[in-house]
Amino acid sequence: MRTHYCTDLDQNSVGEEVTLAGWVNSYRDHGGVIFIDLRDKSGLIQLVCDPADSTDAHKTASTVRDEFVLIAKGKVRLRKEGLENPRLKTGKIEVVVDSLRVENRSDPLPFTMGDPNVGEDIRLKYRYLDLRREDMFKTFELRSKAAIAARNLLDSLGFLEVETPILTKSTPEGARDYLVPSRVHNGEFYALPQSPQLFKQLLMIGGFDRYFQIAKCFRDEDLRADRQPEFTQIDVEMSFCTQEDVMGVAEDLLKAVFSACGHEIKTPFKRITYRESMEKYGNDRPDLRFSLELSDVIDLFENCESPIFAQIAQYKKLNRIKALKVPGGDTLFSRKTIKELESFVSRFGAKGLAYIQVKEEGLKGPILKFLPEDAVETMKSRLDLQVGDIVFFGAGERKIVWDYMGRLRTEVARRLDLIDDNRFEFVWVIDFPMFELEEGELHLKALHHPFTMPKNIDEDDLEAIDSMAYDVVLNGIELGGGSIRIHKLDIQQKVFKMLGISDEEAEEKFGFLLDALRFGAPPHGGFALGFDRLMMLIDKKESIRDVIAFPKTQSATCLLTRAPGPVEEEQLKELGIRIRKQPKTDASK
RNA sequence: GCGGUGGUAGUUCAGUUGGUUAGAAUACCGCCCUGUCACGGCGGGGGUCGCGAGUUCGAGUCUCGUCCACCGCGCCA
């Protein structure tokens with residue numbers, strides 16, 4: 001239909017007879033001559049419809065409105081001096097139309113395309129219009145390039161792309177499953193995969209040696225700016241490999257993807273153990289674009305005269321007293337700001353937020369009077385306190401302290417504008433504990449997943465058992481992770497037992513895996529990267545929805561298709577399903 | 001499930017202490033205009049103030065409930 005895309009044309013095309021196809025970006029009708037900015041995926045060019053050149057084309061042009069679909073034939077002409085538009089890539093030329101066809105009309109638009117203030121809900125309802133924007137096209141062009149780069153890199157390393165089932169059995173990633181009722185087996189359900197975890201392990205047992213997939217995954221949990229119920233991950237698994245081998249492949253992969261998106265990144269990435277990350281940054285996904293490390297000061301409170309702090313300092317294993325020094329913070333933070341920070345951490349379980357200001361005349365703060373002189377001196381040197389600094393303290397149960405002090409660290413950095421948005425700071429978090437003690441002692445939970453290889457399974461202290469698991473973190477966001485898997489039956493059985501999974505339950509849920517481990521399973525391991533999050537970070541978008549063509553709202557609906565929706569009674573009958581509660585009325589929709 | 005923010009014309013917004021017929025820009029319709037590029041000029045149409053109760057002589061404005069969207073918590077890699 002077309003001979004060129006709009007921005008294929010330039011001064012060298014002058015005199016050429018061309019056919020262009022696209023949408024009316026805008027039109028300017030002067031009564032005589034009519035100008036139309038024609039848009040296709042490449043960009044804009046100005047069409048000129050002059051009655052002197054073609055009365056028919058001019059007549060047609062006068063009926064044109066925004067977003068009409070046009071096919072225009074004409075000759076490329078250099079614009080006269082003074083008539084160029086430097087804001088257009090094709091601003092030095094224009095196309096004199098001799099034949100114009102309105103291929104399709106358009107109703108007036110429900111919103112102004114390109115207006116950055118238009119609400120996201122209306123853009124999602126008419127997503128196909130939103131996608132016509134240049135910025136959107138660029139985003140998905142980038143996403144496509146990244147996916148292709150990933151495929152090419154993995155292909156070059158001998159990985160085989162294999163598809164795994166969408167209708168499957170629940171794999172226990174810990175999240176809620178999306179269920180699909182079975183018609184053939186009334187009362188039974190498929191689950192959509194939370195990840196292809198067990199299938200990729202079976203592919204290794206199947207001897208494929210190296211597998212990858214750009215896989216859709218499903219988790220029925222509440223949404224966030226960086227979380228959708230269905231998302232895409234680059235899923236990789238390999239056999240006869242060490243943890244180092246796997247991490248090396250992940251780094252090569254990220255390097256290739258970033259390179260395809262125009263960013264050169266350095267490998268290998270930094271590494272930090274899980275425990276060090278928790279102690280220094282308060283979480284297992286540290287943002288290393290800024291420092292502001294947390295310091296341990298629990299020992300300084302041992303002889304503290306405040307009963308609360310002293311008591312906390314008694315139990316060093318489960319309690320923490322952490323200090324966050326903000327250089328220059330005393331001069332930068334007003335009393336109001338400090339109040340706001342206190343209220344900020346209280347949302348995450350902090351009972352208060354003690355602080356010490358470093359003034360010219362010495363330290364100032366209510367907790368000082370409880371501390372022995374030598375403890376204060378030690379603190380000064382340990383934290384290297386300078387005049388103008390402020391130090392915040394978090395004290396209590398370690399999980400809570402880590403959490404709110406880690407969040408405080410990020411919040412402080414945000415407020416002080418310490419975060420360089422143009423940096424990509426990768427870090428591997430390694431040596432995850434195998435188990436997490438839940439609510440007291442009895443209930444062990446797998447921190448990664450129950451197929452992760454423990455390092456020291458015979459250790460008596462269950463909390464001291466490490467796993468061969470690793471997460472890759474970018475700018476404080478978990479991009480992905482992986483592990484070396486258990487390939488020996490006895491270890492897998494032991495881990496299930498430790499997690500409180502009975503033989504019967506293990507057999508029912510993972511019998512096929514246990515079976516497979518009996519038949520010469522090779523050592524293997526792998527990783528998965530959240531592809532949407534990755535693209536969000538590379539493309540510097542605020543929300544994962546911006547890099548997904550048809551995303552869901554926070555309440556997991558699709559404003560475009562209005563999914564989920566009711567189904568015919570007949571469909572339910574076939575599935576053997578009866579709805580107990582009436583669905584809520586949709587009068588508001 | 002919880003906390004916060006928002007919802008007024010197709011869209012983006014304004015709307016004072018509760019007080020006359022709810023405004024602007026843009027889009028839309030009509031007329032005019034041969035060098036604009038966010039073209040311009042004149043005129044016009046367009047509102048269940050998210051929805052439902054309540055308080056009041058009177059509600060866009062106050063109260064309660066509810067729905068939708070977004071941000072976060074819980075949940076979830």
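None of these values were measured; they are calculated from a predicted model. Chain letters run A, B, ... following the sequence lines, proteins first and then strands; every chain starts at 1.
Shown here, U20(B) forms no base pair; nothing in the strands shown gives a Watson-Crick or G-U wobble contact with both key distances under 3.5 Å. Searching all strands for a Watson-Crick or G-U wobble partner of G3(B) with both distances below 3.5 Å returns C71(B). Taking a pair to require two hydrogen-bonding distances under 3.5 Å in either a Watson-Crick or a G-U wobble arrangement, U66(B) pairs with G50(B). Remark: C37(B) base-pairs with no nucleotide; criterion is Watson-Crick or G-U wobble with both hydrogen-bond distances under 3.5 Å.
In this structure, Tyr126(A) and Tyr128(A) have perpendicular ring planes: the angle between them is above 60°, well past the 30° mark. Note: Phe258(A) and Phe426(A) have perpendicular aromatic rings, judged against thresholds of 30 and 60 degrees for the angle between ring planes.
Within 4.0 Å of Glu84(A), counting heavy atoms only, lies at least one base atom of the nucleic acid. As judged by a 4.0 angstrom heavy-atom cut-off over every strand, Leu44(A) is placed among residues making no nucleic acid contact. Looking at heavy-atom distances under 4.0 Å, Leu447(A) makes contact with a base. Looking at heavy-atom distances under 4.0 Å, Arg39(A) makes no contact with the nucleic acid at all. Across all strands, Arg87(A) comes closer than 4.0 Å only to sugar-phosphate atoms, never to a base (heavy-atom distances). The residue Arg407(A) sits close only to the backbone: its heavy atoms come under 4.0 Å of sugar-phosphate atoms, none of a base. Using a 4.0 Å heavy-atom criterion, one finds that Asn117(A) contacts the sugar-phosphate atoms exclusively. Note on Gly119(A): only backbone sugar-phosphate atoms sit closer than 4.0 angstrom, heavy atoms only; bases stay farther off. Residue Asp50(A) is classed as a base contact, given a heavy-atom separation below 4.0 Å to a base. Residue Glu120(A) is classed as a sugar-phosphate contact, given heavy-atom separations below 4.0 Å to backbone atoms only.
On the C1' atoms, U16(B) is 15 Å away from C62(B), given to the nearest whole Å. When the P atom is used for both C42(B) and A24(B), the distance is 14 Å, rounded to whole Å. Nucleotides U20(B) and C33(B) have their P atoms positioned 43 Å apart, rounded to a whole Å. One C1' atom belongs to C28(B), the other to A69(B), and the distance between them is 26 Å to the nearest Å. For the C1' atom pair drawn from A27(B) and C68(B), the interatomic distance equals 24 Å after rounding to whole Å. Taking atom P on both nucleotides, G23(B) is separated from G15(B) by 15 Å, rounded to a whole Å. Atom name P, nucleotides U21(B) and A38(B): the rounded distance is 42 Å, in whole Å. For the P atoms, the distance from A77(B) to U66(B) is 31 Å, rounded to whole Å.
Here the CG-CD1 distance, from Leu44(A) to Ile36(A), works out to 12.5 Å after rounding to the nearest 0.5 Å. Note: Asp431(A) CG to Tyr274(A) OH = 12.0 Å, rounded to the nearest 0.5 Å.
In this structure, the nucleotide among U34(B), A77(B), C71(B) sitting nearest to the side chain of Ala225(A) is C71(B). For Phe348(A), the side-chain atoms get nearest to C73(B) when compared with the rest of C73(B), C37(B), C70(B). The side chain of Glu94(A) approaches G35(B) more closely than any other nucleotide in the set G10(B), G35(B), C70(B). The side chain of His30(A) approaches C39(B) more closely than any other nucleotide in the set U11(B), C76(B), C39(B). Between C28(B), C75(B), A77(B), one nucleotide has an atom nearer to the side chain of Tyr27(A) than all others, and that is C28(B).
For Asn283(A) and A77(B), the CG to P distance is 17 Å, given to the nearest whole Å. Separating the CG atom of Leu78(A) from the C1' atom of G35(B) is a distance of 15 Å, rounded to the nearest angstrom. Nucleotide A77(B) holds its P atom 16 Å from the CD atom of Gln228(A), rounded to whole Å. Ile34(A) has its CD1 atom 16 Å from the P atom of U36(B), to the nearest Å. Between Asp66(A) atom CG and G10(B) atom C1' there is a gap of 13 Å when expressed in whole angstrom units. Note: CG (Asn25(A)) to C1' (U36(B)) measures 15 Å, nearest angstrom. At whole-Å resolution of the value, CD1 in Ile122(A) and P in A9(B) are 11 Å apart. Between the NZ atom of Lys125(A) and the C1' atom of G50(B) there is a distance of 13 Å, given to the nearest Å.
Positionally, the nearest nucleotide of RNA chain B for Pro108(A) lies more toward the 5' end than for the other of Gly82(A) and Pro108(A). Positionally, the nearest nucleotide of RNA chain B for Ser543(A) lies more toward the 5' end than for the other of Arg176(A) and Ser543(A).
Under 4.0 angstrom from either OP1 or OP2 of C29(B) there lies at least one side-chain N or O belonging to Arg65(A). The phosphate of A69(B) has OP1 or OP2 within less than 4.0 Å of a side-chain N or O from Thr557(A). Regarding contacts with the backbone of C71(B), a side-chain N or O of Arg545(A) is found under 4.0 angstrom from either OP1 or OP2. Put simply, Arg28(A) has no side-chain N or O that comes within less than 4.0 Å of OP1 or OP2 on U36(B). Of the side-chain N and O atoms in Arg224(A), none sit less than 4.0 angstrom from OP1 or OP2 of C75(B). Contact annotation: Ser555(A) side-chain N/O to A69(B) OP1/OP2 distance is under 4.0 Å. Taking side-chain N and O atoms only, Ser26(A) has a distance below 4.0 Å to OP1 or OP2 of C39(B).
Around the NZ atom of Lys540(A), the shell of radius 6.0 Å holds more than 12 heavy atoms that belong to other residues, nucleotides or ligands.
Stacking of Phe111(A) onto the six-membered ring of U11(B) is not present when judged by under 5.5 angstrom between centres and under 30° between planes.
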